[in-house]
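Report on one structure; see the data block that follows.
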Protein chains: 2
Amino acid sequence: MADIGAHSGGGRVKNGHESLEASPGMTLAERLRQKLEGAIAAGHLEPGSRLDEQEIAQRFGVSRTPVREAFRLMAANNLVELRGRQGATVRSIKAQALIEMFQVMAELEGLCARLAARRVSLAWGAEIGKVHQQLVAAGETGDIDVFYDINQEFHEAIYEASRNTFLAEQTRKLRNQVAAYRRRVTRMPNRIADTVREHEAIMRAILAHDPERAHSAMRDHVNLLGDNLLDFLAAFE
Amino acid sequence: MADIGAHSGGGRVKNGHESLEASPGMTLAERLRQKLEGAIAAGHLEPGSRLDEQEIAQRFGVSRTPVREAFRLMAANNLVELRGRQGATVRSIKAQALIEMFQVMAELEGLCARLAARRVSLAWGAEIGKVHQQLVAAGETGDIDVFYDINQEFHEAIYEASRNTFLAEQTRKLRNQVAAYRRRVTRMPNRIADTVREHEAIMRAILAHDPERAHSAMRDHVNLLGDNLLDFLAAFE
DNA sequence: CGAAGCTATTTTGTATACATATATTGTTAT
DNA sequence: ATAACAATATATGTATACAAAATAGCTTCG
């Protein structure tokens, strides 16, 4: 089985249990959720793979109870599938579902961009500009993981700039759902250069307070990414 | 406290426990979820009210375990709020949040309508037309509860016609979240007549395969409802 | 040789018991 | 009288034990 949290600096401790990072005031179930969601988003847990209550409980040195509760919480975010009396599995998304999800995501991110263009303040404009500069720099060095993270920050900045916390949360969730698949596509040939160019168009529209252009630029950006992702998957399956 | 399921024909049985309807193959947690979500949507559980694990467990004659799991599952649909170690409450939506949610809902339902206009088949067109006829009839008799239900069916038909199951599910969930608030607004003065008129515009655009007109008609419809709802709330708070 | 049916094992679902954190109440001191 | 603190009570979180269902493996029959 995939080694959960293998990347997060020495998760395993001497007693054989993986640590849940001392997080006072947080329940075990919540800490487990964070750990497991991270592992899913990072791709350490294969989509479709079964989540064994006992195994996970033993791995983290807790009882089944908080593990089960964590599963229920993750079902909230559509990251795991609960089939009654048949256990929990990491949600695996078929190509058809990905198409559908990107269609929705394009609309939601497009709305974020539209609202951001209408509402963005000078401070936020500067923030977005700064993140974009970092992205350009990361694109030049070619460090894909750094690029991926800053790309995320760019979108996050636009979510915030929309000043619609519900929309921001909804879009974030959707983004997390497809994260495991998205990450793979960053490595495609011209993806980095394209992304930088598309982001620039989005940013310019927002800073120019042009809602419709921001909307369509973001929509196109997300749709292009979706197309790339589907091409990528088609090549493997 | 509100009597959960008081409307669903004799929920209480002689042993003092409320029945969970024999649903073989379904877990208690799942049955509890359905019951409680129904009670929330119907407005029998006041938004903001605390959900007491013990009380609910006793009421249905089960242990706390499935009750807790049901709470976690409901958090998935944003119907309850879980504050760590401080219990679960029926999610109460502030006016500001309602504005934000309707903004998203208008976009999603608009997308449904747009896709429906592009993809609707003759059979589905007939179905939508039939539902609309029922709505007109219900509007004339003035039975508000029937009208509310058929209204729901009309929108549901459009979700299906979009042929995007993910979008349909997402929109449905959002609709459920605001259901407890929506229901109240149906009783406003001209709401029924307005709704019929707006639906007609939407339907015509869909049957004419005019995606943009369908989109904007639906968007306007949802936004008008949102405005009405906010007016209504403003009058009380 | 394959399929159907039964038994055994494993795993999920539920109940109960215990630990711990939060809320409440009452007391005391300023 | 009010504010701060301490003791109690209550509710949530977690662990363990038990029940029931699903899966796997085996036997038997066609």
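Every chain is numbered from 1, with letters handed out A, B, ... down the list of sequences.
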Cut-off 3.5 Å, no hydrogens considered: what does the side-chain donor-acceptor table look like for residues 94-107 of chain A, sequence neighbours left out?
| from | atom 1 | to | atom 2 | distance (Å) |
| --- | --- | --- | --- | --- |
| Gln96(A) | NE2 | Glu100(A) | OE2 | 3.3 |
| Glu100(A) | OE1 | Thr165(B) | N | 3.2 |
| Glu100(A) | OE1 | Thr165(B) | OG1 | 2.8 |
| Glu100(A) | OE1 | Phe166(B) | N | 2.9 |
| Glu100(A) | OE2 | Thr165(B) | N | 3.4 |
| Gln103(A) | OE1 | Asn164(B) | ND2 | 3.0 |
| Glu107(A) | OE1 | Arg219(A) | NH1 | 2.9 |

(message) Assuming nearest nucleotide by heavy-atom distance, tell me which of Glu30(A) and Asp52(B) is located more 5' along DNA chain D.
(response)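 Result of the comparison: Asp52(B).
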
Under the side-chain contact (heavy atoms from CB on, under 4.5 Å) test, which residues partner [X], sequence neighbours left out?
{"X": "Ala179(B)", "value": "Ala41(B), Tyr148(B)"}
{"X": "Asp143(A)", "value": "Thr141(A), Asp145(A), Val146(A)"}
{"X": "Asn176(A)", "value": "none"}
{"X": "Arg172(B)", "value": "Glu156(B), Tyr159(B), Glu160(B), Ala168(B), Glu169(B)"}

(request) Is it possible for you to check whether Arg184(B) lies under 6.0 Å from the centre of the six-membered ring of Tyr181(B), through NZ or CZ, and within 45° of that ring's axis? (result)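 Checked: cation-pi criterion met.
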
(message) Just to verify, what does Arg175(A) make a salt bridge (charged side-chain N to carboxylate O under 4.0 Å, His left out) with, not counting sequence neighbours?
(response)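 Listed in chain order: Glu109(A).
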
(request) Go through the structure and list residues passing salt bridge (charged side-chain N to carboxylate O under 4.0 Å, His left out) with Arg191(B), not counting sequence neighbours. (result)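 Arg191(B) satisfies salt bridge (charged side-chain N to carboxylate O under 4.0 Å, His left out) with Glu198(B) only.
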
(request) Identify, residue by residue, the members of residues 81-89 of chain A with a heavy atom below 4.0 Å from DNA chain C, and return them in order of residue number, or none. (result)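 Listed by number, they are Gly84(A), Arg85(A), Gly87(A).
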
(request) For DNA chain C, determine which residues of residues 68-77 of chain A have any heavy atom closer than 4.0 angstrom to one of its atoms, and list them numerically. (result)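 Heavy-atom contacts with DNA chain C come from Arg68(A), Arg72(A).
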
(request) Find out whether Phe71(A) and Leu32(A) are in side-chain contact, i.e. whether some heavy atom of one side chain is under 4.5 Å from a heavy atom of the other. (result)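 In short, these two side chains do not touch, never coming nearer than 4.5 Å.
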
(message) Are the side chains of Met218(A) and His155(A) in contact, using a 4.5 Å heavy-atom criterion?
(response)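 Yes, at least one pair of side-chain atoms sits under 4.5 Å.
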
(message) So, taking the atom named OG in Ser162(B) and the one named CG in Leu108(B), what distance separates them when rounded to the nearest 0.5 Å?
(response)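 One gets 10.5 Å once the value is rounded to the nearest 0.5 Å.
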
(message) Output the rounded distance in Å from CD (Gln58(B)) to P (dT10(D)).
(response)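 Taking CD of Gln58(B) and P of dT10(D), I get 14 Å after rounding.
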
(request) Check the distance between dT12(D)'s C1' and Arg64(B)'s CZ and give it to me in whole angstrom. (result)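 Rounded to the whole Å, the gap is 6 Å.
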
(message) Five pairs per end, C1' atoms only: what is the angle between the end axes of the helix from dC1(C)-dG30(D) to dT30(C)-dA1(D), to 10 degrees?
(response)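 Terminal axis comparison yields 10°.
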
(request) Give me the first and last nucleotide of DNA chain C, going 5' to 3', that has any atom under 4.0 Å from a heavy atom of chain A. (result)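 Listed 5' to 3', the contact boundaries are dT11(C) to dT14(C).
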
(message) With salt bridge (charged side-chain N to carboxylate O under 4.0 Å, His left out) as the rule and sequence neighbours excluded, what pairs involving residues 71-83 of chain B come up?
(response)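 Matches after skipping sequence neighbours: Glu69(A)-Arg72(B).
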
(message) Take a 6.0 Å sphere around CZ of Arg119(B) and say whether it holds more than 12 heavy atoms from other residues, nucleotides or ligands.
(response)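 Yes - once you tally the heavy atoms of other residues, nucleotides and ligands closer than 6.0 Å, there are more than 12.
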
